[in-house]
Amino acid sequence: MPIDPSDVKVIRAEDVLRQENPDTWWKKLYLPAVVGGLATTLRNFVKNLANVRGLPTIRYPEERRDYGDRFRGRHYLKKRPDGQPRCTACMMCATACPADCIYIVGGEHPDPAIEKYPVRFEIDGLRCIMCGYCIDACPEDAIAMTKEYEWAGYNREDFIWDKEYLLNWRDEKIVEDGYQPYEDEVSKYRMSRGTL
Ligand code: SF4
Ligand code: SF4
């Protein structure tokens, strides 16, 4: 059955918008909105002033939060007792990495008991999404994450963490400013199961 044109109600977008946001001179003045915004700011300012100790913000960097043990910050490479990397360049971490930010070049190790070692091992810190998959994938427990979340640089190259840096930054930080190392949860879990 054809629709009777008199039954059709035309709704124009401009009309709906005008209805929701009427162009009144009062609104066009913007003064009520400005005064309302200032009043909200003032109200919160006074409220916070009366409750400075209860504020959720902290005075960073003088004050820092202690993040939980499951926090995933910058990686480090673990060492063997002789100081060499535990990593055997098996590429499992690079394969598991969803951000494709681990670059490894493997080489033959002079010790026949160790098949390979990483000639190059780099993580692009700017691409890393701190998912921790590389830690889970490592069969040697050679890589771990820390609670370290502060890093800065002048260019992209400063955020390429190479093998030497990943092996040593944590030790240097412990000596320099008493950095509290944190053994990652995966290692603890494996140790508790006797699989490490
Ligand atoms: S934490 Fe995730 S994104 Fe970062 S290097 Fe490891 S696997 Fe890749
Ligand atoms: S998974 Fe572990 S042993 Fe294998 S390349 Fe990565 S860090 Fe090295």
Side-chain angles (χ1 to χ4, degrees), residues 48 52 55-111 113-191 195-196:
N48 290 340
V52 173
L55 289 178
T57 48
I58 56 170
R59 290 184 172 84
Y60 178 85
E62 287 79 16
E63 292 174 39
R64 287 156 200 249
R65 292 199 193 287
D66 182 24
Y67 289 106
D69 286 347
R70 295 172 69 186
F71 183 86
R72 294 192 293 261
R74 187 163 53 215
H75 317 62
Y76 73 97
L77 283 175
K78 295 188 181 180
K79 298 177 187 175
R80 298 175 194 275
D82 64 359
Q84 295 297 307
R86 287 177 67 140
C87 174
T88 54
C90 70
M91 310 282 179
M92 294 285 274
C93 53
T95 306
C97 177
D100 195 21
C101 63
I102 304 178
Y103 179 68
I104 304 168
V105 176
E108 293 296 323
H109 199 283
D111 181 351
I114 304 170
E115 195 181 339
K116 285 196 297 176
Y117 79 105
V119 178
R120 274 179 74 181
F121 191 110
E122 292 170 1
I123 296 178
D124 185 341
L126 291 185
R127 290 188 67 164
C128 175
I129 55 170
M130 301 292 157
C131 64
Y133 283 9
C134 50
I135 316 298
D136 293 342
C138 181
E140 299 291 333
D141 190 42
I143 184 169
M145 296 181 91
T146 64
K147 289 186 186 178
E148 180 60 32
Y149 57 87
E150 291 177 320
W151 54 81
Y154 292 104
N155 50 54
R156 292 190 68 85
E157 285 67 38
D158 290 346
F159 298 92
I160 308 286
W161 306 324
D162 64 12
K163 184 177 82 172
E164 294 309 316
Y165 181 77
L166 287 167
L167 278 170
N168 298 314
W169 75 261
R170 189 167 158 271
D171 295 343
E172 286 164 10
K173 205 165 166 55
I174 290 168
V175 173
E176 275 171 19
D177 57 14
Y179 175 72
Q180 290 292 313
Y182 128 86
E183 293 304 327
D184 63 294
E185 289 297 298
V186 177
S187 294
K188 275 194 221 162
Y189 175 72
R190 286 180 176 175
M191 275 184 223
T195 54
L196 194 65

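Start at 1 with the first residue, then count along the sequence.
Counting only heavy atoms from C-beta outward, the side chains of L77 and R86 never approach each other to under 4.5 Å. Between K78 and D141 the shortest side-chain heavy-atom distance falls below 4.5 Å. I135 is not listed as a side-chain neighbour of R72, based on a closest heavy-atom distance of 4.5 Å or more. Residues T146 and R170 are in side-chain contact: their nearest non-hydrogen atoms beyond the backbone lie under 4.5 Å apart.
For K116, there are no salt bridge (charged side-chain N to carboxylate O under 4.0 Å, His left out) partners at least two apart in sequence or on another chain. Applying the ring pair (Phe, Tyr, Trp, His ring centres under 6.0 Å) test to Y67 and every residue at least two apart in sequence or in another chain returns F71, Y149. In this view, M91 and T95, I104 satisfy the side-chain contact (heavy atoms from CB on, under 4.5 Å) rule, not counting sequence neighbours.
Ring geometry for W169 against Y76 counts as perpendicular: the plane angle is over 60°, on a 0 to 90° scale with 30° as the lower cut.
For the pair D162 and R120, the salt-bridge criterion is not met [side-chain N within less than 4.0 Å of a carboxylate O]. Comment: E150 engages R64 in a salt bridge, judged by a side-chain N to carboxylate O separation of less than 4.0 angstrom.
Between the CD atom in E140 and the CZ atom in R80 there is a gap of 7.0 Å [rounded to 0.5 Å]. Interatomic distance, T57 OG1 to N48 CG, rounded to the nearest 0.5 Å: 7.5 Å. Interatomic distance, CE of M145 versus SG of C131, reported as 7.0 Å (0.5 Å rounding). Summarising the geometry, atom CZ belonging to F121 is positioned 9.5 Å from atom CG belonging to L167; distances are rounded to the nearest 0.5 Å. To the nearest 0.5 Å, atom CD1 of residue I102 and atom SG of residue C97 are 4.5 Å apart. With rounding to the nearest 0.5 Å, the separation of CG in D124 from CZ in R156 is 6.0 Å.
R127 places a side-chain N or O within 3.5 Å of a backbone atom of A99 that can act as its donor or acceptor partner.
Closest heavy-atom contact between K163 and P118: NZ-O, 3.0 Å. Closest approach of C138 and I143 over heavy atoms only: CB-CG2, 4.0 Å. Nearest approach of C128 to H75, heavy atoms of both residues: SG-CE1, 3.6 Å. In terms of heavy atoms, F159 sits closest to A152 at CZ-C, 3.6 Å. Looking at every heavy atom in both residues, L166 comes nearest to W161 through CD1-O, 3.5 Å. The minimum heavy-atom distance between M130 and G73, with the atom names listed, is SD-O, 3.8 Å.
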> Could you go step by step and tell me if Y165 and R74 meet the side chain to side chain donor-acceptor pair (under 3.5 Å) rule?
Replying inline: CA-CA 11 Å; Y165 181 77; R74 187 163 53 215; 3.3 Å; yes
> Could you walk me through whether K79 and N168 pass the side chain to side chain donor-acceptor pair (under 3.5 Å) check?
Replying inline: CA-CA 9 Å; K79 298 177 187 175; N168 298 314; 3.0 Å; yes
